[in-house]
Amino acid sequence: MKGSDLLVAALENEGVDRIFGIPGEENLDIVESIRKSSIRLVLTRHEQAAAFMAATYGRLTGRPGVCIATLGPGALNLTTGAAYALLGAMPLIMITGQKGILSSRQARFQIVDVVAAMKPLTKLSRQIVSPQMIPTLVREAFRVAEEERPGPVHLELPEDIAGESCQPLPLIPPHPVELPLASAAALDRAAQMIVQAQRPLIMLGAAASRPRSTSDLARFVLRTGIPYFTTQMGKGTVPGGTDLYMGTAALSERDYVHEAIERADLIIAIGHDTVEKPPFIMGAQGPQVIHAGYQPASVEQVYFPQAEIIGDLGASLRLLADRVEGRIPNAKALLPLRAGILERIAARATEDRFTPQRLVNDVRSVMPNDGILALDNGMYKIWFARNYRTRVANTLLLDNALATMGAGLPSAMAAAMLYPGRRVMAVCGDGGFMMNSQELETAVRLGLDLVVLLIEDGAYGMIRWKQSVEHFPDFGMTFGNPDFVKYAESYGAKGTRVQAVDDLAPALERAFAGGGVHLVAVPIDYSENERVLVEELRERLPVIR
């Protein structure tokens with residue numbers, strides 16, 4: 001047995017079924033050990049995409065995804081994915097190679113201190129210096145990656161340690177980690193605040209989407225009868241079709257959902273993580289806030305809760321619901337605002353133009369309740385966060401934490417691998433798509449069923465919009481594009497260009513029906529950015545309590 005055999009056996013012991021990445025010569029012992037194992041090696045075309053795919057695997061399953069890269073340049077290409085997982089609270093294990101540490105026949109060639117480079121971007125970064133360390137380090141890596149708050153862990157395995165002969169060692173069996181319950185005193189305090197509230201409101205944040213807790217959170221909302229809104233990453237935690245849904249905070253203030261937020265005298269913030277762009281701004285005159293989370297609140301200038309419920313979210317909220325169910329006289333005080341908020345957000349959804357609202361409407365029409373939409377980052381993300389109704393948790397995968405471009409396509413690919421029977425669509429701008437567009441080849445090679453909706457404006461549209469809003473001249477944000485239909489076809493995918501807005505939904509239906517990888521390119525009319533998100537919202541007067 002070699003060190004690499006022991007590593008792969010430890011990964012199998014953790015239930016790993018696939019590893020994403022691009023190995024190098026320093027990983028060849030690991031590659032051979034993977035070949036002889038039950039683990040599938042998913043070869044990508046860039047390490048960044050491998051990290052995005054592994055992180056999304058962790059986000060959707062709650063179990064750490066695993067990716068691999070070589071030393072130096074390969075390892076450093078994982079850093080954006082590490083930050084994506086760290087800010088997004090996605091469990092991830094990154095394994096990188098290194099030159100031998102027992103001898104140095106190539107001096108400093110390609111050597112970077114990757115362990116040190118990864119430390120600010122991970123929960124744990126360690127070099128394995130002996131095969132005897134492997135069972136305990138792998139078990140510790142998975143425990144740290146998965147426990148609250150989930151995130152990335154990095155392990156570096158030098159090539160001579162990977163190839164070193166060793167005796168078989170006992171593996172450490174994984175064990176369930178039980179989360180504590182919120183204290184009775186904290187629950188009683190929160191219950192009193194809720195019962196006495198005149199205009200209570202629930203907010204569901206990023207941590208509410210953890211696979212372990214979504215059903216309990218939905219029951220809490222229904223048992224209390226309090227209307228709720230979501231952050232961008234909290235969408236879908238409670239079915240969006242319920243009569244208590246008030247909208248999603250795609251902006252930090254002044255949007256229509258903020259009519260309810262501004263009137264509320266108590267917000268129960270469930271699973272809020274301040275890595276997200278703030279869904280509302282706390283102030284001296286604002287509502288009181290109860291923070292319910294797996295971990296204590298991170299106190300920020302815009303977020304400083306007056307009470308906390310810390311522990312296993314699902315179980316703790318069941319206990320809180322036991323204390324308040326049927327005892328909240330003003331539970332639905334803000335509900336009369338709902339119809340007006342949702343009506344104004346949905347306005348112009350069927351206009352005969354390629355507006356963001358029309359694109360969201362048509363995409364929603366072809367996606368079933370369990371269909372998964374993975375967004376890249378761009379101006380359209382605000383519109384999808386604001387307008388796209390979700391009915392199942394983790395069916396709108398967007399990144400409102402690192403908010404990096406280039407993640408949309410790899411994230412959709414990971415979802416398509418995990419759920420081959422469900423419709424999966426990536427929504428990308430032309431800027432973000434071209435940052436990892438080479439992964440179309442990977443998707444075709446893997447035989448995935450995947451639709452890519454490519455929104456084309458020939459510019460870095462969000463920055464161009466911000467430039468305009470700040471009254472700077474239009475400069476430095478435009479670029480040219482390839483023929484995206486031919487580009488997709490060159491990888492073995494299918495391609496369609498939509499010329500008329502009424503053809504969009506039928507084109508998407510045909511793409512799904514045809515199977516395989518299909519790119520659908522559409523233009524976009526971003527004049528709505530200024531009309532709605534600036535002019536219209538500027539006219540909305542602050543609510544007087």
Side-chain angles (χ1 to χ4, degrees), residues 193-205 208 217-218 220-232 234-272 276-283 285-290 292 302-303 305 324 327-349 357 360-361 364 382-391 528 531-545:
M193 292 172 69
I194 293 169
V195 169
Q196 293 177 349
Q198 299 299 304
R199 296 174 300 278
L201 185 64
I202 291 172
M203 184 186 80
L204 299 167
L217 270 57
F220 176 79
V221 171
L222 296 175
R223 288 180 67 186
T224 62
I226 299 173
Y228 72 96
F229 72 102
T230 76
T231 69
Q232 293 187 41
K235 286 178 73 73
T237 308
V238 174
T242 70
D243 294 336
L244 297 172
Y245 173 68
M246 302 289 281
T248 295
L251 305 174
S252 295
E253 55 189 345
R254 300 192 66 84
D255 204 353
Y256 291 114
V257 71
H258 290 95
E259 291 184 3
I261 296 169
E262 290 158 0
R263 290 182 191 266
D265 66 339
L266 176 68
I267 294 178
I268 307 162
I270 300 174
H272 180 47
E276 279 209 76
K277 187 178 176 66
F280 67 95
I281 308 290
M282 285 189 70
Q285 304 304 314
Q288 288 197 310
V289 173
I290 298 172
V302 298
Y303 189 71
V324 300
R327 299 180 54 229
I328 314 172
N330 302 307
K332 293 182 170 59
L334 293 173
L335 202 56
L337 297 173
R338 178 179 186 270
I341 292 170
L342 297 184
E343 181 180 342
R344 282 172 290 185
I345 288 174
R348 300 195 177 192
Q357 300 98 307
V360 173
N361 178 78
R364 178 70 275 180
I382 293 177
W383 290 99
F384 273 92
R386 196 171 180 261
N387 292 36
Y388 189 84
R389 294 288 293 277
T390 50
R391 297 172 177 85
E528 292 292 272
R531 187 191 70 80
V532 174
L533 300 182
V534 178
E535 296 172 2
E536 187 176 297
L537 295 184
R538 185 184 290 141
E539 294 172 2
R540 192 179 74 76
L541 296 177
V543 172
I544 300 175
R545 296 180 183 280

Can you check whether [X] reaches [Y] side chain to side chain, under 4.5 Å on heavy atoms?
X	Y	value
Ile290	Ile194	yes
Arg386	Tyr256	yes
Leu244	Leu335	yes
Arg338	Pro227	no
Thr242	Tyr228	yes

Item to check | Residues forming a side-chain contact (heavy atoms from CB on, under 4.5 Å) with Gln288, sequence neighbours excluded | outcome: Met193, Leu266, Gln306
Checklist entry - Mind checking what makes side-chain contact (heavy atoms from CB on, under 4.5 Å) contact with Pro305, not counting sequence neighbours? => result Val289, His291, Ala297, Tyr303
Item to check | Worked verdict on Asn361 versus Asn387 for side-chain contact (heavy atoms from CB on, under 4.5 Å) | outcome: CA-CA 8 Å; Asn361 178 78; Asn387 292 36; over 6 Å; no
Checklist entry - Of the options Arg344, Arg254, Met246, which is the one that meets Glu259 in a side-chain contact (heavy atoms from CB on, under 4.5 Å)? => result Arg344
If you round to the nearest 0.5 Å, how far is [atom2] of [Y] from [atom1] of [X]?
X	Y	atom1	atom2	answer
His258	Leu251	NE2	CG	7.0 Å
Glu276	Gln232	CD	CD	6.5 Å
Ile345	Glu343	CD1	CD	11.0 Å
Leu334	Ile261	CG	CD1	10.0 Å

Who pairs with [X] by side chain to side chain donor-acceptor pair (under 3.5 Å), at least two apart in sequence or on another chain?
X	value
Arg364	none
Gln357	Glu528
Thr248	Thr230, Lys235, Tyr245

Next on the checklist: Between His272 (side chain only) and Ala208 (backbone N and O only), is there a donor and an acceptor less than 3.5 Å apart?
Outcome noted: no
Item to check | Asp265 (side chain) donor-acceptor with Arg199 (main chain) under 3.5 angstrom | outcome: yes
Checklist entry - When you look at Leu217 and Ile270, which way does the side-chain contact (heavy atoms from CB on, under 4.5 Å) test go after all the steps? => result CA-CA 8 Å; Leu217 270 57; Ile270 300 174; 3.7 Å; yes
Quick one: closest heavy-atom pair of [X] and [Y], and the distance?
X	Y	answer
Thr224	Val221	OG1-O, 3.1 Å
Pro279	Ala249	O-CB, 3.5 Å
Pro278	Ser252	O-OG, 2.7 Å

